[in-house]
Protein chains: 2
Amino acid sequence: MKGYGQFCPIAMACETFAERWTPLILRELLAGGRRFNELRQGLPLISRTLLGQRLRELEAAGIVQSRPLARGRGREYRPTQAAEEFREVLDRLGEWGQRWATTQFDPDNLDLPLLMWNVRRRIDFARLPARRIVVRFDFRAFPARCRPFRTCWLILEGGGSDVCLKDPGHEVDLVVSADAEAMARVWTGAISFGQAVRDGGLRLDGPRDLVRAFPSWLLLSHFAHVQRPARVV
Amino acid sequence: MKGYGQFCPIAMACETFAERWTPLILRELLAGGRRFNELRQGLPLISRTLLGQRLRELEAAGIVQSRPLARGRGREYRPTQAAEEFREVLDRLGEWGQRWATTQFDPDNLDLPLLMWNVRRRIDFARLPARRIVVRFDFRAFPARCRPFRTCWLILEGGGSDVCLKDPGHEVDLVVSADAEAMARVWTGAISFGQAVRDGGLRLDGPRDLVRAFPSWLLLSHFAHVQRPARVV
DNA sequence: CAGTATCCGATGCGATACTG
DNA sequence: CAGTATCGCATCGGATACTG
């Protein structure tokens with residue numbers, strides 16, 4: 001049996017929405033993902049088969065529109081107005097998750113490339129000098145089963161950011177040395193930036209201005225500042 | 001594989017939430033459902049097995065608390081604070097659904113007992129006389145495969161409402177004769193009450209006061225008044 | 001009534017291989 | 001690169017039967 005057999009709008013919405021991966025695909029689209037493999041970077045564990053299938057379903061439901069790229073192979077996927085309005089739902093869902101669903105941090109689940117992929121989208125360029133800035137992240141103390149990934153470069157230029165897993169060759173402006181878990185905790189809002197520095201989980205090396213401004217231009221997760229529930233028994 | 005392998009709060013929330021039936025179970029709990037079979041009335045198509053399993057999952061996730069009834073067999077299920085805060089998500093989801101996911105009304109999916117079960121919860125008692133009011137609904141023109149269900153009684157008394165599928169024997173104060181689909185359309189906000197009356201899809205018989213006040217004390221679906229998107233091409 | 005245990009069929013989904 | 005077709009297994013979930 002398919003569907004819930006109800007005319008309630010919540011039920012109708014759930015028929016397309018409460019499917020595995022679908023809310024996260026929408027999250028990626030609303031965060032600016034447009035290409036198939038771009039979406040996959042934000043969803044490392046989804047299979048290509050399933051992503052393709054879900055995109056087709058979303059397009060049939062009028063939530064996604066796709067068209068072939070002007071040049072090259074492949075398509076561009078765009079959120080429609082209906083998808084845009086879904087942001088409201090995802091924001092409430094994320095706030096709820098931040099308050100009630102953040103389980104004890106399991107370092108084995110820590111996916112550093114995914115973390116950096118998200119970091120990339122949360123830069124306040126207005127707080128940065130107009131020239132190109134290259135930040136190298138040196139990670140340590142991540143679990144053995146993590147992909148071989150110790151260093152990456154964040155390139156901030158012209159209002160856009162890129163993450164490189166290989167040395168792009170540019171001169172480095174700032175080096176962030178971080179315990180992987182500490183970086184993740186700061187990102188999620190579990191501990192403050194200052195606390196992580198004081199604990200030694202995070203260290204910055206570079207020009208004074210850039211270092212001092214770091215917490216202002218590296219925005220954290222969208223939900224980092226959501227107030228957790230007071231501990232009630 | 002279980003889970004999304006992400007620390008994003010949306011992903012965490014989805015692990016418990018984006019499962020079949022779960023949002024609707026939450027909807028029922030937040031609408032006041034407390035007993036197993038009470039929940040089932042709002043979810044006619046769920047199996048007992050699955051409802052039981054989901055309630056256990058929700059309890060493990062801290063979203064539901066249950067305890068044996070003081071008297072009698074069975075348990076009482078209660079939404080926790082976490083569930084209460086989930087209302088925000090469901091409201092946004094319902095608004096989205098009302099705007100974007102209400103497909104062409106399929107009369108074959110029209111479940112009148114379910115409709116009445118929902119109607120029962122949307123009464124503004126402040127608009128009613130303090131005494132007991134009994135409303136009889138006579139339905140017509142519903143699909144053949146619908147359960148044999150033509151008439152039901154809505155009993156409004158002491159701030160609580162009950163739906164009976166068999167004559168409770170009380171004197172009837174008001175009779176609503178309705179084309180089943182018209183009633184559903186009014187309920188969902190697709191057409192106005194006045195329009196349905198003018199079209200002949202709905203008729204009221206009873207004392208003038210009660211008839212005139214009807215649209216004020218029979219509240220519609222929670223989402224009936226959500227503005228639909230302007231028709232853009 | 002208020003559920004739970006068991007069984008088994010449907011489908012969801014990942015792996016692999018393939019295509020323009 | 002940017003996907004799609006096929007296959008096979010794992011799990012999801014409904015039906016049935018059972019229990020206090």
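In what follows, chains are A, B, ... by sequence order, proteins preceding strands, each numbered from 1. Scope of the values below: all heavy atoms of this structure, side chains included, with no hydrogens, waters or symmetry mates. Being a predicted model, the structure only gives us computed values, none of them experimental.
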Result for salt bridge (charged side-chain N to carboxylate O under 4.0 Å, His left out) between A/Asp173 and one of A/Arg136, A/Arg131, A/Arg132 points to A/Arg131
Separation of D/dC12 atom P from B/Leu50 atom CG, nearest Å, is 11 Å
Sorted by number, residues from residues 26-38 of chain A placing a heavy atom under 4.0 Å from DNA chain D are A/Arg35, A/Phe36, A/Asn37
message: Using a 3.5 Å distance criterion without hydrogens, assess whether the side chain of A/Gln6 forms a donor-acceptor pair with backbone atoms of A/Ala11.
response: no
Worksheet item: Would you say the side chain of B/Val119 lies within less than 4.5 Å of the side chain of B/Met183, judging by non-hydrogen atoms?
Response: yes
Point to revise | Heavy-atom check, side chain of B/Ile123 versus side chain of B/Leu154, under 4.5 Å | key: yes
Between A/Leu165 and A/Cys152 the two heavy atoms that sit nearest each other are CD2-CB, 4.0 Å
Each base of DNA chain D marked ( ) or [ ] if paired in-strand (Watson-Crick or G-U under 3.5 Å), | if paired to another strand and . if unpaired gives ||||||||||||||||||||
Rounded to whole Å, the CD-P distance (A/Glu76 to D/dC1) equals 19 Å
Could you check whether any side-chain heavy atom of B/Thr16 comes within less than 4.5 Å of a side-chain heavy atom of B/Thr22, counting everything from C-beta outward? no
Please set out all donor-acceptor pairs under 3.5 angstrom arising from side-chain atoms of residues 36-48 of chain B, sequence neighbours excluded.
{"from": "B/Glu38", "atom 1": "OE1", "to": "B/Arg34", "atom 2": "N", "distance (Å)": "3.3"}
{"from": "B/Glu38", "atom 1": "OE1", "to": "B/Arg35", "atom 2": "N", "distance (Å)": "3.1"}
{"from": "B/Ser47", "atom 1": "OG", "to": "B/Leu50", "atom 2": "N", "distance (Å)": "3.1"}

Separation of C/dT4 atom P from B/Arg40 atom CZ, nearest Å, is 12 Å
The answer to which of B/Gly74 and A/Ile46 contacts DNA chain C further toward the 5' end, by nearest nucleotide, is B/Gly74
Q: Validate the cation-pi geometry between B/Arg185 and A/Phe7: distance from NZ or CZ to the six-membered ring centre under 6.0 Å, angle to the ring axis within 45°.
A: no
Rounded to whole Å, the CZ-P distance (B/Arg20 to C/dA10) equals 16 Å
**Asked** With side chains defined as the heavy atoms from C-beta onward, is the minimum distance between A/Leu156 and A/Leu128 less than 4.5 Å?
**Response** yes
To the nearest angstrom, the CG-P distance between A/Leu69 and D/dA2 comes to 8 Å
Applied to residues 54-92 of chain B, the ring pair (Phe, Tyr, Trp, His ring centres under 6.0 Å) test, sequence neighbours excluded, yields A/Trp96-B/Phe86, B/Phe17-B/Phe86
From the list B/Glu59, B/Arg56, B/Glu76, side-chain hydrogen bond (donor to acceptor under 3.5 Å, both in side chains) partner of B/Ser66 resolves to B/Glu59
To the nearest angstrom, the CD-P distance between A/Glu15 and C/dG12 comes to 13 Å
Show the distances under 3.5 angstrom between N or O atoms of the protein and N or O atoms of nucleotides 15-20 of chain C.
{"from": "C/dA15", "atom 1": "N6", "to": "A/Thr49", "atom 2": "OG1", "distance (Å)": "3.1"}

In whole angstroms, the gap separating C1' of D/dG3 from CG of A/Leu39 amounts to 13 Å
Notebook entry, point to check: Is B/Arg150 close enough and on-axis enough to B/Phe137, meaning under 6.0 Å and within 45°, for cation-pi?
Noted result: no
In numerical order, the residues of residues 51-59 of chain B whose heavy atoms come under 4.0 Å of DNA chain D are B/Arg54
Is there side-chain contact between B/Trp21 and B/Leu51, with heavy atoms separated by less than 4.5 Å? no
*asked:* Please determine whether a side-chain nitrogen or oxygen atom of B/Tyr77 lies at a distance below 4.0 Å from atom OP1 or OP2 of C/dA2.
replied: no
Rounded to whole Å, the CH2-P distance (A/Trp21 to C/dC13) equals 11 Å
>> Can you confirm whether A/Trp153 sits close enough to A/Val163 that some side-chain heavy atom of one is under 4.5 Å from a side-chain heavy atom of the other?
In response: no
